[in-house]
Number of protein chains: 2
Amino acid sequence: MKDETRKFQKFIQKSNLLWSIEREIITNQVFDNHFHFTADDLFIQLNEKGRKISRATVYRTLELLEKSSMVSKIQLASGKHFYEHIFGHKHHDHLICQKCGRMIEFHCEDIEQWQEKISTENNFKMAGHCLKIYGICADCMKKKSKNKPK
Amino acid sequence: MKDETRKFQKFIQKSNLLWSIEREIITNQVFDNHFHFTADDLFIQLNEKGRKISRATVYRTLELLEKSSMVSKIQLASGKHFYEHIFGHKHHDHLICQKCGRMIEFHCEDIEQWQEKISTENNFKMAGHCLKIYGICADCMKKKSKNKPK
DNA sequence: ATTAAGATTGAGACCAAATCTCAATCAGAA
DNA sequence: TTCTGATTGAGATTTGGTCTCAATCTTAAT
Ligand SMILES: [Zn+2]
Ligand SMILES: [Zn+2]
Ligand SMILES: [Zn+2]
Ligand SMILES: [Zn+2]
């Protein structure tokens, strides 16, 4: 079992929930995806591996993974939800190419600090944030090709 | 006709599209909403005024208003879409209360600057951005009541 | 090893938001 | 006035996700 999966198992047990083979399989798959993926990506990957796990269980497990803070959900302007695992990765935000859909990760401590400051000024108890910068990536600027976005 | 509506009419005509009474009614209603609203809010408001305009037309017109850069769409983590008119308002971002759904607007020039800087560093041609800070607002912190989110 | 209590699962029903279809209508140019 | 193409409404469809509930599984207590 992957380290990450074991950590999630501990979370499940601490939360007085039960560990199951489905949760193990899904979690392993989540941590095999080293970039952004959708719930359906995951469902299809599992299917291709011959794992018959229902869509409902995939969604339920992703929700738990989110609660455990090991995975985070990203909403794109297109309305699609992507996930990414964050355990072992430090917090980052995204540059998103409107041409090809490419996502570039970045982290800016100053921006993080300013957000805290603004929240405090507004007597707002910040729990999280979502920053996405939209535009055209370097490749697409060069190519000017019309790759369809994801 | 409102100034804003006239401006949108010009956009429609410049785009080689046709102006229609439905577009006029919807646009007027959009600019009567001085805060955030959903497509359905708009549809209901129009209905209450006795204006029989189909949902499809409301969505289609909001899409055009977005293209004209007079209106922007805000996507919440909950999956709901809100709109707000931006023509005549300066750019701002949002603090969003996870309890009551309240949105507080803010503007932070430093954050704006850092975003430009990051984009440049990544050879990314920034076109726009979306920053949402999630948490609990001052009122909800006090009340601790369980208002349902919008 | 049995049993009981409660959690988890899968299949498919369900849901809300948004988009699509297409015939009827409308706007604007000629 | 006529013509062409754009727009509209009603409802079907799609999408992305949640809910239901009987069957199954996990765990802990006998
Ligand atoms: Zn950040
Ligand atoms: Zn790109
Ligand atoms: Zn609140
Ligand atoms: Zn706003």
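Convention: sequence-line order gives letters A, B, ...; per-chain numbering from 1.
Remark: side-chain polar atoms of A:H85 are paired, donor with acceptor, to backbone N or O of A:N33 under 3.5 angstrom. In this structure a side-chain-to-backbone donor-acceptor pair under 3.5 Å is missing from A:T57 to A:I53. Side chain of B:H91 to backbone of B:H107: no donor-acceptor contact under 3.5 angstrom is found. No donor-acceptor pair closer than 3.5 Å links the side chain of A:R51 to the backbone N or O of A:Q45. Side-chain N or O atoms of A:D41 include one that pairs as donor or acceptor with a backbone N or O of A:T38 at under 3.5 Å. In this structure a side-chain-to-backbone donor-acceptor pair under 3.5 Å is missing from A:K99 to A:M141.
Atom C1' of nucleotide D:dG17 and atom CD1 of A:I44 are separated by 15 Å, given to the nearest angstrom. Between the CG atom of B:L76 and the C1' atom of C:dA16 there is a distance of 15 Å, given to the nearest Å. We find that CZ of A:R60 is positioned 10 Å from P of D:dC19, with the value rounded to whole Å. Look at NZ on B:K80: it is 23 Å from P on D:dT15, rounded to the nearest Å.
Contacts between residues 45-54 of chain B and DNA chain D, defined by a heavy-atom separation below 4.0 Å, involve B:K52, B:I53, B:S54, listed by number. For DNA chain C, the neighbouring residues in residues 14-25 of chain B, judged by any heavy atom under 4.0 Å, are B:L18, B:W19.
Atom NZ of B:K10 has 12 or fewer heavy atoms from other residues, nucleotides or ligands within 6.0 Å.
Of the candidate nucleotides C:dC20, C:dA18, D:dT8, C:dC20 has the atom lying nearest to any side-chain atom of B:A56.
A salt bridge links B:D139 with B:R102: at least one charged nitrogen is closer than 4.0 Å to a carboxylate oxygen.
Note on B:H81: a side-chain N or O is less than 4.0 Å away from OP1 or OP2 of C:dA18. Regarding contacts with the backbone of D:dG17, a side-chain N or O of A:Y59 is found under 4.0 angstrom from either OP1 or OP2.
With hydrogens and angles ignored, no donor-acceptor pair under 3.5 angstrom links the side chain of B:R55 to the base of D:dG11.
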